[in-house]
2 protein chains.
Amino acid sequence: MATYQPDDGWDALGDPTRRAIVACLAERPRAVRELADELPISRPAVSQHLKVLKEAGLVTDRAVGTRRVYRLNPAGVAALRDQLETFWHRALDGYQDVAEQPTEETS
Amino acid sequence: MATYQPDDGWDALGDPTRRAIVACLAERPRAVRELADELPISRPAVSQHLKVLKEAGLVTDRAVGTRRVYRLNPAGVAALRDQLETFWHRALDGYQDVAEQPTEETS
DNA sequence: ACGAACGGAAAGCTACGACTTACCGTTGCT
DNA sequence: AGCAACGGTAAGTCGTAGCTTTCCGTTCGT
């Protein structure tokens, strides 16, 4: 069942390597070995990242023979997207009261 | 001008405290002091986080008297949301070729 | 039944990032 | 002019996250 903490998804995507894995899996499902071959890190490292991504609900895995094929979990990705959507809406809705002009340059 | 690295946004949201700040700013713009009062960390720590968020293009700031008011940057949030949207679409589009049935429980 | 490939788990090292306190410049009020 | 509030910067400490190597269990092929 797995009771996902919403924040876990953000923590998971906080790491560049895990984002690379997610990007890879967005193209097509892959086995651990395949992922390790395309990344500059060892296979166990990939395994550890996949564990984090799985616990965050961002990927799922299937056992296929001796290999384990990971794929992106659309539901997990959608959850994060929706959260950003909420922030985005609130920022737009609530902010139009104040006239938009920075009084000083922001660098 | 600021040439934002797309990944910076994810790195920025990778930290729980920064996510709390973003959530705060989603409600309404706030000064540094106000944010520090609502968070369990010191004011300089908040400043450091705001710097990261600003460099990532997720917030903007205005000088108002001696205070500096930060607000969410809808464009920055939208950029990340769109990226997730892409992943989500690709996962849905490309995966329907294979029949969806995990051969083994995934824990 | 043996050997090879796959992949998860444990142990250990290292580097970085999130804090703190202290300091300093700026703005505004009286 | 002087004092107080605000907030960015610097310096230093500490925990943890990411990596590696090693080891072990499982599954397939011959």
Side-chain angles (χ1 to χ4, degrees), chain A residues 2 5 7-25 28-56 58-71 102-107, chain B residues 2 5 7-25 28-56 58-71 102-107:
Chain A
Q5 207 72 29
D7 270 20
D8 286 352
W10 298 112
D11 286 330
L13 290 185
D15 178 74
T17 302
R18 280 193 290 266
R19 286 196 295 274
I21 291 177
V22 166
C24 265
L25 294 181
R28 56 185 156 87
R30 303 190 198 238
V32 179
R33 187 75 184 333
E34 297 178 68
L35 287 169
D37 287 342
E38 307 200 23
L39 295 170
I41 59 174
S42 70
R43 186 196 48 74
V46 173
S47 261
Q48 290 164 4
H49 283 306
L50 286 171
K51 181 181 181 181
V52 173
L53 289 170
K54 182 175 167 182
E55 285 173 354
L58 289 175
V59 303
T60 58
D61 57 342
R62 280 177 69 195
V64 177
T66 141
R67 304 187 317 150
R68 200 148 254 270
V69 177
Y70 282 80
R71 57 180 55 205
T103 56
E104 183 177 323
E105 243 334 301
T106 177
S107 89
Chain B
Q5 208 72 29
D7 272 19
D8 287 352
W10 298 111
D11 287 330
L13 290 186
D15 179 75
T17 301
R18 280 195 289 267
R19 286 196 296 273
I21 291 177
V22 166
C24 265
L25 294 181
R28 57 184 154 85
R30 303 188 196 240
V32 179
R33 189 77 186 333
E34 299 178 68
L35 287 169
D37 287 341
E38 307 199 24
L39 295 170
I41 58 174
S42 69
R43 186 196 48 74
V46 173
S47 260
Q48 291 164 4
H49 283 306
L50 286 170
K51 182 180 181 181
V52 174
L53 289 169
K54 182 176 168 182
E55 286 174 353
L58 289 174
V59 303
T60 57
D61 57 341
R62 280 177 68 194
V64 177
T66 141
R67 304 188 316 151
R68 200 149 255 269
V69 176
Y70 282 80
R71 58 179 56 206
T103 55
E104 184 177 322
E105 243 334 301
T106 177
S107 89

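Here is the naming used below: chain letters follow the sequence lines, and residue numbers restart at 1 for every chain.
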Indicate the atoms forming the closest heavy-atom contact of Gly9(A) with Leu58(A), along with that distance. O-CD1, 4.0 Å

Rounded to the nearest angstrom, tell me the gap between atom CZ in Arg67(A) and atom C1' in dG8(C). 16 Å

May I have the distance from Glu55(A) (atom CD) to dA9(C) (atom C1'), rounded to whole angstrom? 13 Å

Among dA18(C), dG8(D), dG7(C), which is the nearest nucleotide to the side chain of Val32(B)? dG8(D)

Of Ala31(B) and Thr66(A), the one whose closest nucleotide on DNA chain D sits nearer the 5' end is Ala31(B)

Start with the C-alpha gap between Ile41(B) and His49(B), add the side-chain angles, then the distance that decides, and say whether side-chain contact (heavy atoms from CB on, under 4.5 Å) holds. CA-CA 11 Å; Ile41(B) 58 174; His49(B) 283 306; 4.0 Å; yes

Distance check: side-chain N/O of Arg33(B) vs OP1/OP2 of dC6(D), anything under 4.0 Å? yes

Contact residues, residues 38-48 of chain A to DNA chain C [heavy atom, < 4.0 Å]: Arg43(A), Pro44(A), Ser47(A), Gln48(A)

How long is the line joining CG of Asp61(B) and C1' of dG8(D), in whole Å? 11 Å

Any non-hydrogen side-chain atom of Leu35(B) less than 4.5 Å from a side-chain atom of Leu25(B)? yes

Taking only N and O in the side chain of Thr17(B), is any of them less than 4.0 Å away from OP1 or OP2 of dA18(C)? no

Both Asp11(B) and Leu50(A) contact DNA chain C. Which one's nearest nucleotide lies toward the 5' end? Leu50(A)

Is the shortest side-chain N/O distance from Tyr70(B) to OP1 or OP2 of dC6(D) below 4.0 Å? no

In whole angstroms, how far is the P atom of dC19(C) from the CD1 atom of Ile21(B)? 8 Å

Measure from CZ on Arg62(A) to C1' on dG7(C) and round the result to the nearest Å. 17 Å

Asp8(A) CG to dA17(D) P, in whole Å, measures 12 Å

Non-hydrogen side-chain atoms of Leu50(A) and Asp61(A) separated by less than 4.5 Å: no

Which atom of Pro29(A) lies closest to which atom of Val69(A), heavy atoms considered: CB-CG1, 3.7 Å

Can you tell me how far C1' of dA18(C) sits from CG of Asp15(B), to the nearest Å? 7 Å

Looking at every non-hydrogen atom in both residues, tell me the closest pair between Arg30(A) and Cys24(A) and how far apart they are. NE-O, 3.5 Å

By nearest atom, which of the nucleotides dC19(C), dG18(D), dG7(D) is closest to the His49(B) side chain? dC19(C)

Tell me which of Gly65(A) and Arg18(A) sits closer to the 5' end of DNA chain D, going by the nucleotide each one is nearest to. Arg18(A)

Glu34(A) CD to dC6(C) C1', in whole Å, measures 12 Å

Looking at Leu13(B), is its backbone amide N or carbonyl O close enough to the side chain of Arg19(B) to form a donor-acceptor pair, meaning the two atoms are under 3.5 Å apart? yes

